[in-house]
Amino acid sequence: MLKTNQRVTFQIREMADHGYGVAYIGKDRLYVKQALIGERGSAVITKKLKQGYVGEVVCLHLQDAHRVKSPCVHYQSCGSCHLLHCAYERQLSLKRDMVCGWLKQAHLQSICVRDVVGMEHPYAYRNKVIVGFYKDKKRKIQVGFYEEFSHRIIPYQHCLLHEEVMDEIVHKIVQLMAQFRIEPYEEDRRRGFLRHVLLRKGTVTEEIMVVLVCAGTVFPGRKSFVQALSKSFPQVKTIIQNVNTRKTSVVLGEQEQVLYGKGYIEDVLLGHRYRISSKSFYQINHQQCEVLYQKALSLLKLRGNERVLDAYCGIGTIGMSIAEKVGSVVGVESNQKAVNDAKENAQRNHVKNIRFVCDDASDFMRRAAKERQHFDVILMDPPRSGSTKEFMDACAMMKAKQIVYVSCDPRTQINDLTYFRSLGYCCDEMTLVDMFPNTMYVETVVMLQRRTM
Ligand code: SAH
């Protein structure tokens, strides 16, 4: 049996989550941080997990030709990026290989996986930033991200995935906290005030939203704080105080108060202008989101009179992008705030053949199938956990002809594809879009068609 602190030699055979390379030591799996397929070296075992051991590289005897020096100074400690040690072109093929491996495990290797659509400049793509604060030993306020698998905040100056202005605002907030004596919230002691800051930027409009997540409602010096921040950054169009009093890792609390501006920002995606509230989901990579939606919609064969369902629709972006090409669209989404945005967005863009329902997607579909409603086309974009059997059963009951399934977690999507296959729905190819360069995540889209029996 392997022990922690033991030194072992390894050769990486495959990739796992978070950019870990997997080696086999006898029958045991060893997850080696930042090691690439084919690399050989020695590692020290740092942890035992249920599924194997974790190791850190001591030295590499054989390096992959695509290994590069990480361009980020925070890379070793931060953990938000997984692949900065790997050349971008190779990142894309690693993601493709990983998805092919999962398809093979699920006996779905007949699905042809296209090359991953990457970005020309795979940095500064995140339009959403979340940071936390703490006071260091010298009582100086530090700002940063949560370390991988922990509650420790890793201080940072600039993140390569952010546009510079986002980090400038973050550091201005730190300066204002010191000036107005606003204490960072301490999780263990449950004291202090400012828990997190969430920033969101409209890529096209350049409008920025600042959400100050506070541990209480009373915000001393609020007016001056808001004035100073909005004056320094005219792009900041709205500032919101969100109150989160719970002991939780969920960032946003229920209660919100608009301190400045309208309480939302706007952005333009594929020609439509959207209102985005703090709690609504909005894809974090604008450029690749357009690529993804265009690909998803190009998979459909449309006559122009279809009834379309946009399931897990968020603020309605996919449904709105297809509305003018079809008969009608219904969007279903469980987050009431997102549904409010979606309804408003339809009105503002004068899209008349779309309506939105706030409901659990599975409940909605079960009811719709029972009532013998029919959708010709179903667009679905569920959260990481994937969809449900109820939802998929209802798709089959309705005999929907074309289903386009967008996913941010290919593994749960592949599980669902297996179930869809048992219901008579098959797909020939999968497209991968690199929505999250430098991480192991990838977005996928497939088109499922009903086998005519
Ligand atoms: N299609 C949208 C949103 C995709 S993210 C876009 O591209 O922007 C997934 C969405 O599913 C989120 O908005 C989330 O709130 C919603 N969601 C999560 N679980 C749900 C459920 N059970 N029923 C309906 N919507 C759900």
Side-chain angles (χ1 to χ4, degrees), residues 125-128 200 202-204 250-252 254 264-297 299-300 308-323 329-346 349 354-369 375 377-395 403-410 412-413 416 431 433 435-436 441-446:
Y125 61 80
R126 281 193 69 100
N127 58 23
K128 179 175 151 187
R200 223 172 209 180
T203 306
V204 174
V250 177
V251 174
L252 295 177
E254 284 298 313
Y264 58 82
I265 53 162
E266 296 184 15
D267 200 14
V268 180
L269 192 74
L270 291 179
H272 288 111
R273 199 173 176 94
Y274 293 97
R275 171 183 108 171
I276 310 155
S277 304
S278 66
K279 290 187 186 168
S280 298
F281 178 89
Y282 187 60
Q283 300 283 358
I284 60 145
N285 184 334
H286 183 274
Q287 184 186 331
Q288 293 295 81
C289 175
E290 290 195 333
V291 170
L292 176 76
Y293 285 7
Q294 274 167 332
K295 177 67 200 178
L297 302 183
L299 295 170
L300 293 164
V308 178
L309 177 73
D310 177 7
Y312 311 92
C313 69
I315 60 169
T317 40
I318 301 184
M320 294 267 288
S321 306
I322 197 179
V329 183
V330 178
V332 60
E333 158 66 46
S334 59
N335 174 346
Q336 182 68 59
K337 291 266 168 25
V339 173
N340 297 347
D341 282 348
K343 287 181 175 170
E344 177 70 30
N345 289 333
N349 290 282
I354 194 164
R355 68 184 179 89
F356 294 95
V357 180
C358 183
D359 202 349
D360 171 78
S362 306
D363 289 349
F364 172 88
M365 275 300 270
R366 203 181 311 128
R367 230 181 20 252
F375 293 104
V377 172
I378 293 173
L379 308 167
M380 55 190 286
D381 183 7
R384 299 194 76 78
S385 50
S387 191
T388 65
K389 286 190 174 167
E390 292 76 31
F391 184 94
M392 294 183 274
D393 286 339
C395 293
I403 301 174
V404 168
Y405 188 154
V406 176
S407 166
C408 54
D409 189 340
T412 54
Q413 185 186 41
D416 290 346
T431 299
V433 176
M435 194 82 110
F436 318 101
Y441 304 119
V442 67
E443 196 88 4
T444 51
V445 54
V446 297

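Residue numbers start at 1 and run along the sequence shown. Read the numbers this way: they start at 1 and go in the same order the structure lists the ligands and their atoms.
Under the side chain to side chain contact (heavy atoms under 4.5 Å, CB included) criterion, Gln336 pairs with Val339, Asn340, Cys358, not counting sequence neighbours. Listed by chain and number, the residues in a side chain to side chain contact (heavy atoms under 4.5 Å, CB included) with Ala311 are Leu309, Val332, Met380, Phe391 (sequence neighbours excluded).
For atom 18 (C) of ligand 1, the nearest protein heavy atom (residue, atom name, distance) is Pro383 CG, 3.5 Å. The protein non-hydrogen atom at the shortest distance from atom 11 (O) of ligand 1 is Tyr312 CB, 3.4 Å. At the top of the distance list for atom 1 (N) of ligand 1, counting protein heavy atoms only, stands Asp381 OD2, 2.9 Å.
Those atoms of ligand 1 that come under 4.0 Å of a heavy atom in Cys313, given as number and element, are 1 (N), 2 (C). In summary, the atoms of ligand 1 found under 4.0 Å from a heavy atom of Ile318, numbered by their order in the structure, are 1 (N). Close approach of ligand 1 to Gln283 (heavy-atom distance below 4.0 Å) involves ligand atoms 6 (C), 7 (O), 8 (O). In summary, the atoms of ligand 1 found under 4.0 Å from a heavy atom of Tyr293, numbered by their order in the structure, are 6 (C), 7 (O), 8 (O). Interface of Thr317 with ligand 1, defined as ligand atoms under 4.0 Å from a residue heavy atom, comprises 6 (C), 7 (O), 8 (O). With ligand atoms numbered from 1 in the order given, ligand 1 contributes 21 (C), 23 (N), 24 (C) to contacts under 4.0 Å with heavy atoms of Ala361. Which parts of ligand 1 touch Asp359 is read off a 4.0 Å heavy-atom cut-off, strictly below it: atoms 23 (N), 24 (C).
Between Glu333 and ligand 1, at least one N/O pair is under 3.5 Å apart. Between Ser334 and ligand 1, at least one N/O pair is under 3.5 Å apart. Looking at Phe281 next to ligand 1, no N or O pair under 3.5 Å apart turns up. Some N or O of Asp360 is nearer than 3.5 Å to an N or O of ligand 1, by distance alone.
In this structure, Gln283 contributes its side chain and Asn285 its backbone to no donor-acceptor pair below 3.5 Å.
A side-chain N or O of Tyr405 and one of Asp416 form a donor-acceptor pair less than 3.5 Å apart. Looking at Asp267 and Tyr282, their side chains do bring a donor and an acceptor atom within 3.5 Å of each other. Judged by distance alone, the side chains of Tyr293 and Thr317 do bring a donor and an acceptor atom under 3.5 Å apart.
Across every non-hydrogen atom of Arg384 and Tyr441, the tightest pair is NH2-CD2, 3.4 Å.
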